[in-house]
Every structure is written in C-alpha cells, then in structure tokens.
Amino acid sequence: MADKKKLLLVDGNSVAFRAFYALYQSLNRFKNSSGLHTNAIYAFHNMLENIIEKEKPSHVLVAFDAGKTTFRHETFSEYKDGRSKTPSEFREQLPYIREMVTALGIKHYELDNYEADDIIGTLANKVSHDDFDVVVVSGDKDLTQLADDHIRVEVTVKGVSELESYTPEHIKEKYGLTPRQIIDMKGLAGDASDNLPGVSGVGEKTAITLLKEYGSLEGVYEHLDDMKKSKRKENLIKDRDQAFMSKELATINLNTPVEIKVDDLAYEGKDFDKLIPLYKEMDFNSFLAKVDSDEIKSNAENLTEIVFEHVLEAKEEMFKDGMEFYLEMLDENYHLAEIAGVAWGNQEHIYVCSGDEMLHQPLFKKWLENNQLTKKTYDVKRTAVALNRYDIELAGVTFDALLAAYLLDTNDKSEDLAEVAYNYDFREIETDEKIYGKGVKRGLPEEAVLLEHLARKIKALAYLYPTLDEQLSDQAQHDLFYEMELPLSQVLAKMEIAGIKVDASRLTKMQQEFSVILKGIEQRVYELAGEEFNLNSPKQLGVILFEKMGLPPIKKTKTGYSTAVDVLEQLKDKSPIIDEILHYRQVAKIQSTYVEGLLKVIHPEDGKIHTRYVQTLTQTGRLSSVDPNLQNIPIRLEEGRKIRQAFVPRKPGWKIFASDYSQIELRVLAEISQDEHLRQAFLEGQDIHTSTAMRVFNIETAEEVTPNIRRQAKAVNFGVVYGISDYGLSQNLGITRKEAKEFIDTYFEKYPGVKKYMQDIVREAKDKGFVETLWHRRRYLPDINSRNFNLRSFAERTAINTPIQGSAADILKLAMIELDKRLAKENMEATMLLQVHDELVFEAPAEEIEQLDKVVTEVMEGIATFSLPLKADSSWGDTWYDAK
DNA sequence: AAACTCACG
DNA sequence: ACGTACGTGAGTTTG
C-alpha cells in the first residue's frame, strides 16, 4: 500500500487554547502594532507546521467548535458550566487563527450545534480505511476514544512541541483499557472540565478497576448485585442516571451531519499571497524571513516546459551579441571548482553543455574574449576567475544580475539565482539546493536534469535583465552599477587571480616557535590551576577560574561565565594565571588562525594565496574577504604583526607597497554633515583627535592635550561614526554613563553640524525606510519605525553609520577602478593585490615604487571632489610587514 | 549549528 | 525602563 493517503484532523479550539498557554508567560511580548495579542496565533502556526512536517499528510482539516450551545446542552443544561470564561486575550485571536489556517492552505470547518470532536470523530470514521490513515491532534484526551488500527490520536503534552501518541496499544499500556472504554471511564469518573458529574467518589483509578472487571458501564450496573455492600456501591446506585448521562455526553457523535467531502481536504501547501500580508499584520518577521525559501520549494513542482539545445561542439551561429552566459560550478571556491557545465543564449535560443568541454573549443573562447559581442551574466567575477584557468579572458560583460540585485536591495542578493529570480517574480526555476542537494549530499544530478536547470538559469537571466536595469535607473543607481560595481568586479577578479605570494618557510618556522611557547604557557597554567584542562574551552576555563580558584565572575554569557579579554583584564592582579591565559589566547589565535590557517590555503602550484572578495554581502557596501580572510591579518600587536613578514612580492627585487586613507570616515562625516569645525580641522591639516580633544575639553593649545585625553577624544570620534550612545562610550572608555553622556553632549554642542546630520539622517530614514551613500548605495532599515526599543535604536545607529562607512567604501572602490586604468595606461608592472577597507596593497619592481607612490597618492586623494582634502599615506618594504 | 572568542577596518 | 557601540570571517568547543 505504497501510496496510502493520510488525513490529519486537528481540534482547532483545544490546540489553540494549548498554544495560548504555552506562550502565556510571553503574552505581552506577542502584540502586533494594533495591540492585538498574537501568542496563540504564533504558537498555533508553529505547531501546525511541525505536525505537517512530521506527518506529511495528504489531506488536512482543522475543526472548530461552532457556537456556545450544542446538542449536549439539550441533554444536560449545565454542560461545560463552571468553566472559567475564556480570556479575552485568547478570544480575540481566534478569528486570526482561522485566517492563518486558510493562508497555510488548510481547510477549516465548524458545524452549528456540534463540537469539533464530533466533526473529527465523524470524518475519522467515515473515510475508507483502506485508502486513509488518520491522525487526530488535540489538546485534550477526550478524542483518544477514537483510536483504532487506522486512527492515531496525538495529544499535546506540554508546550507545543511535544505530543503523546495514543494508539490502542498505548492506551492499553497506560490504562489497561480499550479506546472505547475511555468513554465508560468518563461516565464513571466524570470530567471536571466539561462539568460531567460521573459517580460520586469514583475517580480515574476506581473507574479503571471497575472497568477491568466488568468491561463497560453497562457491565458494572449489570453486576451491581454481585458487589459487596459498600459506600462505592451506594454511590453507584445513587448516581446511576448521572453516570449514564455522563457517558452519553462524553461519547463522540460519529454521525454528525458534516457536509464536506474528504477529497476537498487535499493539502496543497501554503498560500503565500494570503500568508505574507497576514505575517505582516501580525508582525511575524521571523516567519516572513523564511517565506522566500518556502515559496520556492512549494512552487518548484509545476514548472512549464523549457526548450533548449544540448550542444557538444561550438559553431559560429551559436554566438550572438547580447546573450546571457552562465558558468556552473558546485564548489563555492571558484579558484579550484570543477566546471559542471555552461549555458548561454537569449529568448529565442538556449544552448547548454555539461562539463568543461565547451571551454576547450576555440570558437567559444573567441566569443567570450570578444569585447564587441556583449554578454550578460550572474556573478561576473566568479565567472571570469574560473575562465582564467582555461586561459580565457572574459570580456564584453555588460550586466551582472547578482550585482544588480545586491545594489537594489542589499538583503535580496543570493548566491542562488533562483532566489533572486523569485524576488522578481520569475518562478520557472528551482533552487540549486533542490537540484544539487546540500552538505555531504551535494553532487551532480543526472545530465538531463543538470542541462534543464542550466537552461532555466539562462531564461531567468534573460527575464531579470530588463527588470533589474530599469529598477537601477528608478533608484538612481545606474551609475553606481555601471560605473562602480561592474568595473570593480573585473578589477577584483584580476586581484584574486594575481594572488599574493607567501613565504611558507617563514610560517613554518613561526609555527615551531609558537608551539614551544604554547607548551610552556600550558604547563605553567596547569600548575597554577592545580590540574590539566582544555585551555581552549571557555567553559572549562570558567570552572577553573570562578569555581575552583574563586575569582569574582565579572560578566556572564548566555551559557555561563564570560572569559573574554575585558573580563580577564580586570582580574589581572588577582592571580598570575590571568596573564598566562591572556598570552596563551593571543598566541593560540595567531597559531591556529594565521600560521596554520594560511599554510593550509597556499596554492600548491604558484605558492600564492588567492582570497575571494565577496562583493555582494555587506550591508554598507564594503567588501569582505574569505577563504582566507586577508582583511584581518594581525597588525595591532607586534607578535601577530610578524605574520605579515610572510607576505612577500612574487619576484626578487620587487617590493610590497601599501597606501591607506587617513581618517577617511571622519572626513566623509565632515563632508556629509558640512560641520564647519570638523571641516576646518581637516582643511588645516590638524590631528583630528587632538583637535576634537581641544574643542570638547576646552584646551587652548595642542601641546596641552595629554595622550590620555587624546585617547578619550579618539573614542568619542569613533563613537560618533558608529551612532554614539552613552552606554557604548562608557564601556569603551571605562567611565560612567553619566560622564560619557556629558562628553557626548559637549561634542554635539561643539560640532552642531554633526548633531544636525544625525537628526536629519534618522528623520530621513524614518520617512523613506532607507538611507543612501553619496553614490546612492542604498540600505533599507525595516526596523527604523519599530516599537521595539532595541530594534529601533539599532536601526537609528545604522542610519547614522551606513552613509559614512558606505561612502568611504565607495571612494576606495572608485580609486581602485581608476588605479587599475592608470597602471595599465602607464604600462607599469605594479599589480594591485589586496584591499583592506581603507588600504590598498600592491607589489612592484623597486624601480617603479617612486612612480607608483605618485600615481596611487594622486588617484586616492583626487578621486572624490570634497570640500576638504582626502589624504593617503604610503609605505613600502620587502614584505607586507615592512610596508609600515 | 550555535556560542564564544578574537583578528581586522 | 529598555540594554547597545558600526562592519566583517574564522577557529574551537559543545550540545
């Protein structure tokens, strides 16, 4: 019976009621913007999802109780009397729960004069048990009487996650009764919640004993004469009518006149057109976030057919101007990944080919390298780097849908083309995860599936281009895309391909030295602690320090004691073990992340490290660097800084050259805010932190600014850029909040332009829902008008910081593009290697350094025309370490 | 997979 | 009253 269907029947009221109490302690946190409580809706939703996920039913119904009175009240007018009134906080949620059920693609039903139980019982028994297994879910046990070989009853135990399965076997084990005897038990013992009286003095235990002996309520009364005289017998006689009535009332009506047919209950999955607005109305942001992937999964089953040509040999007529082009790799590291296939084409014709066969065809190469025949693609950098391994220099790319989607909404980008396509209403494609799997199961599908998937990608790209291009123009981001991100992508590709040479022997030597140091520290720590433990485990360390040694725990984390640096710093004078631990942490970090980490990623053939810059990730427009991250190589502490000695030029006689922007973010702030004092400081070439110190602390001359005062002013300047708060500043400087607040107030008094910028940008963010950089890079801030203080505050700080950090990122990006052009134009050998947010690293022949210095400085300082100067400082040496 | 810690701008 | 600096990536332990 391979395809037996499964009917899931949910007792809506009782489950919702359980859901309500499951999150009762969070009642006040679950309120939407109109003040509606949503805890039961939320928990009910989760519960339904869990059950459906677990049971995978083919048909589903949620049954609700209809009105107040049912046929049971005709028998017994006090039925359900004495029940405490349902709380209004719960009642107000019921209509929305019904709506939610519908939006989840599930039918619900109620019937005048009957309870949900009766609907469920009737349906459970009506369906053919040859065709259906039935699962009933309820919050109370009344329904367990339905259990049989084809009907399983699941009852919520506690909360919403745990269910207890009532099968006939389980009921036998638990009570020693059959499911039908549950009704007899209710007749004898009654049920307080339904106000069923039963027999006085008889509870569950006694009822079970009696039923084991006499089988049923009727059996008990037939054998009354056999019983010895007792109080129990008296009660049985006295309450006979009550008992039979209770049994009658507890019996689920299996012949309810339900009008629905089981075929109408087929579960079809979520209705996102209804669900999304409902989530929004309920403020269910976590559900909203999940919608994308859910939606794709649920729609992927009914794709319309697609026509494409599977080709094995390149022919002239296959390559036209303006085509889409897509290169598939399953491994995310495109420096090494195998080529799974290629696809190209336009609305008229799509060509696909699996493997890397096509890349060896001269006609194919000729097309890709032809600047005049334009192509549009998805992730041009990844594509260009991979093609470079086949000695193909990709040219003529005029559009990149990934980059465009990222610029339009920094949240909407994805490595997966299907997700982007979905966001723009193209649904004729499945996700890579669906086709290739994930984790250990990831791999190539059979060729036909692969080819069709690739063809669909071309279709999606052809669809996306006009839409995305138009939106870029609408959002004033045409130039940002075509003049900044797209050209930058090609520059980054060159940098990634170039890689940076690493002296592995230097690293190996450091590895040996560090391991000796680490062993020594370990020994001393074990001795001081009086036992051996795993120094890398904050948990074990916490036990040693705060329990065994009795040091005061300064701070706690979610899971235990914090052992972070700032905590350990405060314990320094309490025990010599602290300094050892701090030193251990420092060295262990260098050893594992940098020495050993970098050794692992040196390319075996060229001895270089090739990072990947992620161009479509950050919310501010910065790049990020992965596998390895070359943007966080140590510099602040000497011991770690030495790592930079391993980064060397690729040829003897060459140098490493570095140039970084001085105070770029504060300069950007001065420009955006047009604060006259901040601008003036830069125009006069002052040390900005000293200048801030003089204004904020009322100091006459620069000489009077002590290092400590300058340090405080520096922290204030940082705070300003991050969207200052008194708490943050107080933490950073180790001062009280009150003192920090005074600093901030004075700062705003002395720099009114900055204050005005902050107020204006937050206002603007609240009005428009997003902020922009000077080059129209956009970041949406959905929480900016949230009623949640934390979310709102965070969005406000972000509104302040993003235009600053983002504009600074824009400037360096523009400089990189210009520098790439200039180096080529001046026929220089110098190569751009790395970007570290406000710094560029090159390698160049020693003889070129002077020229390089001139060109780099000129471009970096001149790339943006501000009302104050930009400044770049250069340095060079035999290694990255020496470029200081 | 999440939590913690720590490296960078 | 709320509890926080902005933006990242990676190694290790642990549930």
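The chains referred to below are lettered A, B, ... by the order of the sequence lines, with proteins before strands, and numbering in each begins at 1.
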Backbone N/O of A:G560 and side chain of A:K539: donor-acceptor pair under 3.5 Å: no

Base, sugar-phosphate, or nothing: which does A:T802 touch, judged by heavy atoms less than 4.0 Å apart? nothing

Tell me if a side-chain donor or acceptor on A:S625 pairs with a main-chain N or O of A:L630 at a distance below 3.5 Å. yes

At under 4.0 Å between heavy atoms, what does A:V565 touch on the DNA or RNA strands: base, sugar-phosphate, or nothing? sugar-phosphate

Can you check the distance between C:dA5 and B:dC4, where both ends of the measurement are the P atom (answer in whole Å)? 14 Å

Residues in side chain to side chain contact (heavy atoms under 4.5 Å, CB included) with A:T557, at least two apart? A:T559, A:S562

If a pair means Watson-Crick or G-U wobble with both distances below 3.5 Å, what does DNA chain C look like in dot-bracket form, with | marking bases paired to a different strand? .....|||||||||.

Give me the first and last nucleotide of DNA chain B, going 5' to 3', that has any atom under 4.0 Å from a heavy atom of chain A. B:dA3 to B:dG9

With heavy atoms of chain A within less than 4.0 Å as the criterion, where does contact along DNA chain C begin and end? C:dC2 to C:dG15

Scan for ring-ring contact (aromatic ring centres under 6.0 Å, His included) pairs involving residues 581-603 of chain A, sequence neighbours excluded, and state none if there are none. A:H603-A:H610

Among all residues two or more places apart in sequence or in another chain, which pass the side chain to side chain contact (heavy atoms under 4.5 Å, CB included) test with A:A670? A:L678, A:R679, A:F682, A:L868

Counting only N and O atoms by type, is there a donor-acceptor contact under 3.5 Å from the side chain of A:R667 to the main-chain atoms of A:S662? yes

Salt bridge or not for A:K871 and A:D873, using N-O below 4.0 Å? yes

Please list all pairs passing the salt bridge (Lys or Arg N to Asp or Glu O under 4.0 Å) test where one or both residues lie in residues 510-524 of chain A, with sequence neighbours left out. A:K509-A:E513, A:R524-A:E580

The correct set of residues in residues 622-635 of chain A placing a heavy atom under 4.0 Å from DNA chain B is A:R622, A:Q631, A:N632, A:I633, A:P634, A:I635

Within 45° of the six-membered ring axis of A:F770 and under 6.0 Å from that ring's centre, is NZ or CZ of A:R778 located there? yes

Sequence neighbours left out, cut at 3.5 Å: what donor-acceptor pairs do the side chains of residues 712-725 of chain A make with other protein atoms?
{"residue": "A:N717", "atom": "OD1", "partner": "A:T692", "partner atom": "OG1", "Å": "3.2"}
{"residue": "A:N717", "atom": "ND2", "partner": "A:H689", "partner atom": "ND1", "Å": "3.0"}
{"residue": "A:N717", "atom": "ND2", "partner": "A:T692", "partner atom": "OG1", "Å": "3.0"}
{"residue": "A:S725", "atom": "OG", "partner": "A:G728", "partner atom": "N", "Å": "3.1"}

For residues 724-751 of chain A, which residue pairs qualify under ring-ring contact (aromatic ring centres under 6.0 Å, His included), counting only residues two or more places apart or in two chains? A:F697-A:F743, A:Y747-A:Y751

Sole residue of A:I643, A:T508, A:V587 in side-chain contact (heavy atoms from CB on, under 4.5 Å) with A:V595: A:I643

Check DNA chain C against residues 716-724 of chain A and give the residues with a non-hydrogen atom under 4.0 Å, in numerical order. A:G719, A:Y722, A:I724

Out of A:E485, A:Q477, A:E772, which residue meets the side chain to side chain donor-acceptor pair (under 3.5 Å) rule with A:R777? A:E485

For residues 807-815 of chain A, which residues have at least one heavy atom under 4.0 Å from DNA chain B? none

